[in-house]
Amino acid sequence: MKIATWNVNSVKARLEAVLGWLKESSPDVAGFQEIKCIDENFPRLEIESLGYNVITHGQKSYNGVALLSKHPIEDVTRGLPGLEDVQSRYIEALVTPKDAVPIRVVCIYLPNGNPAPGEKYDYKLRWMAALQARVETLLEQEERLIVMGDYNVIPEPEDVHNPAAWANDALFLPATRAAYRKFVNLGLTDAVRACNALPNQYTFWDYQAGAWQKNNGIRIDHLMLSPQAADRLTEAGIDRHVRGWEKASDHVPAWCRLAA
DNA sequence: ATGCCGCCAACATGGCGA
């Protein structure tokens with residue numbers, strides 16, 4: 001089973017790239033972030049015609065997440081349990097392939113948090129604490145579980161082209177990295193890192209200042225696996241080439257493959 | 001210091017968020 005995550009930065013502005021990537025990559029399950037539309041405006045028919053079931057947790061103008069699955073979707077949760085949140089950043093569901101073990105899929109768009117310090121950074125840390133609590137609860141089920149999305153967290157210096165330039169950024173501050181380490185230490189496996197030990201494997205390049213041309217990127221989109229899912233991990237990667245497409249998102253898809 | 005891009009309200013461009 002192939003599972004992917006992609007911050008599309010407006011599904012309406014990105015529709016051609018989204019459909020092209022789905023045809024090319026053909027994931028069984030995909031999580032999108034920053035769809036930037038209400039549920040009614042999501043291009044459901046176009047995506048369903050490619051063989052996907054679709055659930056969304058949308059919002060006007062900003063944020064918004066969606067899950068696509070070629071297999072049946074059940075047990076949907078919209079919004080991060082335990083957090084009063086007016087922003088649409090969390091969707092969770094159980095995906096049950098025919099004749100295979102179900103996997104619980106969580107798709108997140110974790111707050112950016114800039115400028116830090118400040119209210120937005122406080123919100124980021126509150127959101128991370130609530131995610132920690134939610135995933136602790138889910139791990140008690142001992143299911144195959146994947147928590148994927150735009151974490152807006154640079155885990156390690158090797159995940160950023162110029163660490164010094166990001167030292168005071170909400171994505172790389174010590175408190176951000178500490179909260180993320182605490183999360184990983186629940187027993188989660190970073191699928192891309194587990195399959196590829198090379199440094200500087202980025203998922204985001206800013207639109208500004210020729211960041212893509214200079215490979216001035218960061219790795220902030222992650223697929224995190226429970227032990228039961230990590231035991232099935234066979235392959236993972238980043239669809240870097242998508243950043244070079246016409247009207248590209250500033251993020252590219254990351255994915256992993258789990259054996260049945 | 002700034003560079004880009006997409007959203008909105010509302011007609012031109014500025015504010016917001018990233």
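What's counted below: heavy atoms across the whole structure, side chains too, no hydrogens, waters or symmetry copies.
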Open item on the list: Rounding to an integer number of angstrom, what distance separates B:dA10 and B:dG14 when you compare their P atoms?
Closed with: 16 Å

Task: Integer angstrom distance from the P of B:dA12 to that of B:dA1 - done: 34 Å

Open item on the list: Mind checking if A:Tyr109 touches a base, just sugar-phosphate, or nothing, with heavy atoms under 4.0 Å?
Closed with: sugar-phosphate

Open item on the list: Please report the distance, rounded to the nearest Å, between CG in A:Asn112 and C1' in B:dC16.
Closed with: 13 Å

- [ ] Ignoring the backbone of A:Ser61, work out which of B:dC8, B:dG3, B:dG6 is nearest its side chain.
- [x] B:dC8

Open item on the list: Please give me the minimum heavy-atom distance between A:Asn196 and A:Gln201, naming the atom from each residue.
Closed with: ND2-OE1, 3.5 Å

Task: Between P of B:dC4 and CG of A:Asp250, the distance in whole Å - done: 14 Å

TODO: Classify the angle between the aromatic ring planes of A:Tyr180 and A:Phe183 as parallel (below 30°), tilted (30 to 60°) or perpendicular (above 60°).
DONE: tilted

Task: d(CD, A:Gln208; P, B:dA1) in whole Å - done: 14 Å

Open item on the list: Can you tell me which nucleotide in B:dG6, B:dA18, B:dG3 comes closest to the side chain of A:Tyr62?
Closed with: B:dG6

- [ ] Using whole Å, report how far CG of A:Asn7 lies from P of B:dA18.
- [x] 11 Å

Task: Rounded C1' spacing from B:dC11 to B:dG15 in Å - done: 16 Å

Open item on the list: I want to check one thing: is the phosphate of B:dG17, taken as OP1 and OP2, less than 4.0 Å away from some side-chain N or O of A:Lys120?
Closed with: yes

Task: A:Val18 reachable from A:Ile35 in the ILVMFWY side-chain graph, under 4.5 Å edges - done: yes

Open item on the list: Whole angstroms only, please: what is the CH2-P distance between A:Trp212 and B:dC5?
Closed with: 14 Å

Task: Toward the 5' end of DNA chain B, by each residue's nearest nucleotide, A:Gly210 or A:His251 - done: A:Gly210

TODO: Give the ring-plane orientation class for A:Trp21 versus A:Phe32, where under 30° counts as parallel, over 60° as perpendicular and anything between as tilted.
DONE: tilted

- [ ] Answer yes or no: does a side-chain N or O of A:Lys36 lie under 4.0 Å from OP1 or OP2 of B:dC16?
- [x] no

Task: d(CZ, A:Phe204; C1', B:dA18) in whole Å - done: 7 Å

TODO: Round to the nearest Å and state the distance from A:Asp206 atom CG to B:dA18 atom P.
DONE: 13 Å

Open item on the list: With a 4.0 Å limit, can you tell me whether A:Arg14 has a side-chain N or O closer than that to the phosphate oxygens OP1/OP2 of B:dC5?
Closed with: no

Task: Euclidean distance, atom NZ of residue A:Lys12 to atom P of B:dC8 [Å, nearest integer] - done: 7 Å

Open item on the list: Counting only side-chain heavy atoms from C-beta out, which of B:dA9, B:dC5, B:dC7 sits nearest to A:Tyr207?
Closed with: B:dC5

TODO: State which residue, out of A:Lys2, A:Lys70, A:His71, fulfils the side chain to side chain donor-acceptor pair (under 3.5 Å) condition with A:Asp28.
DONE: A:His71

